[in-house]
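Worksheet: the structure to be examined is printed underneath.
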Amino acid sequence: SQTIHQWPATLVQPVGSPLSLECTVEGTSNPNLYWYRQAAGRGLQLLFYSVGIGQISSEVPQNLSASRPQDRQFILSSKKLLLSDSGFYLCAWSASSSMGQFFGPGTRLTVL
Amino acid sequence: GENVEQHPSTLSVQEGDSAVIKCTYSDSASNYFPWYKQELGKRPQLIIDIRSNVGEKKDQRIAVTLNKTAKHFSLHITETQPEDSAVYFCAASWDNTDKLIFGTGTRLQVFP
């Protein structure tokens, strides 16, 4: 069966520091991969998605970037965090387009 | 582009009563409609989905109905229990897209 991992689970970072969040999927090949951010009590904001290695689509222009160095690895990065980057970051995968997405456990990021 | 509206934003019911959450979509090409349940502090979990070639789908106490003409779909929860309390998100997708378009969420509270 497929499993999705995210780390770290929680992170507290100062403003202006860099960020690297990692997501890996097991048990499937060539998944679609997604990064979402969820502010407290709010909905799901799609940040990036990828349909293959090295292929990244950006949904929201901001100080974040994403990379997919391997088939089942998706990384979210920032060079300098802002206070507004605080939130719950969720990675998700799907087998293909127009199918259900399955979410990882999330990373709770607090920028101070 | 596709837009998904979800109502109500909050819903309170007595244990044992039914709950209905409704979503409307704008793109008639949409053909896949999943529903997610997110408990406090947890990841969203896919609880049921429906495709456009089906009008209704049921899984124990939850059911989803789809009206393609009116472009709306609904989640029905019968015999609600306190553990049904969560935020529910609807979403829509269509062929040739790699994304899900999410509704804004409904906070369901089931009182004992």
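Because the structure is predicted, anything quoted here is derived from the model rather than measured.
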Going by the angle between their ring planes, with limits at 30° and 60°, are A:Tyr36 and B:Phe102 parallel, tilted or perpendicular? perpendicular

Turns out that what part of B:Leu46 lies under 4.5 Å from chain A's heavy atoms comes down to side chain

For this session: Apply the test side-chain hydrogen bond (donor to acceptor under 3.5 Å, both in side chains) to residues B:Ser26 and B:Glu2: give CA-CA distance (whole Å), side-chain angles for both, the deciding distance (0.1 Å), then the verdict.
Result: CA-CA 6 Å; B:Ser26 59; B:Glu2 172 68 289; 2.7 Å; yes

Whatever's closer than 4.5 Å to a heavy atom in chain A on B:Pro44 counts as both

Under 4.5 Å to a heavy atom of chain A? For B:Asp95 that would be both

If one checks every heavy atom of A:Gln45 against chain B at 4.5 Å, the contacting part turns out to be neither

Cut-off 4.5 Å, heavy atoms of chain B, and the answer for A:Arg42 is backbone

Salt bridge between B:Lys99 and A:Glu59, side-chain N to carboxylate O under 4.0 Å? yes

Under 6.0 Å between the ring centres of A:Phe102 and A:Trp93? yes

Problem - Donor + acceptor pair across side chains of A:Gln2, A:Arg72 (<3.5 Å) - result: no

query: Any idea how B:Trp35 and B:Phe73 line up, ring-wise: parallel (<30°), tilted (30 to 60°), or perpendicular (>60°)?
result: perpendicular

Honestly, the part of B:Gln38 sitting under 4.5 Å from a heavy atom of chain A is side chain

Bottom line for A:Phe103: the part with an atom under 4.5 Å from chain B's heavy atoms is both

Chain A shares the most heavy-atom pairs under 4.5 Å, among B:Asp49, B:Thr104, B:Thr97, with B:Thr97

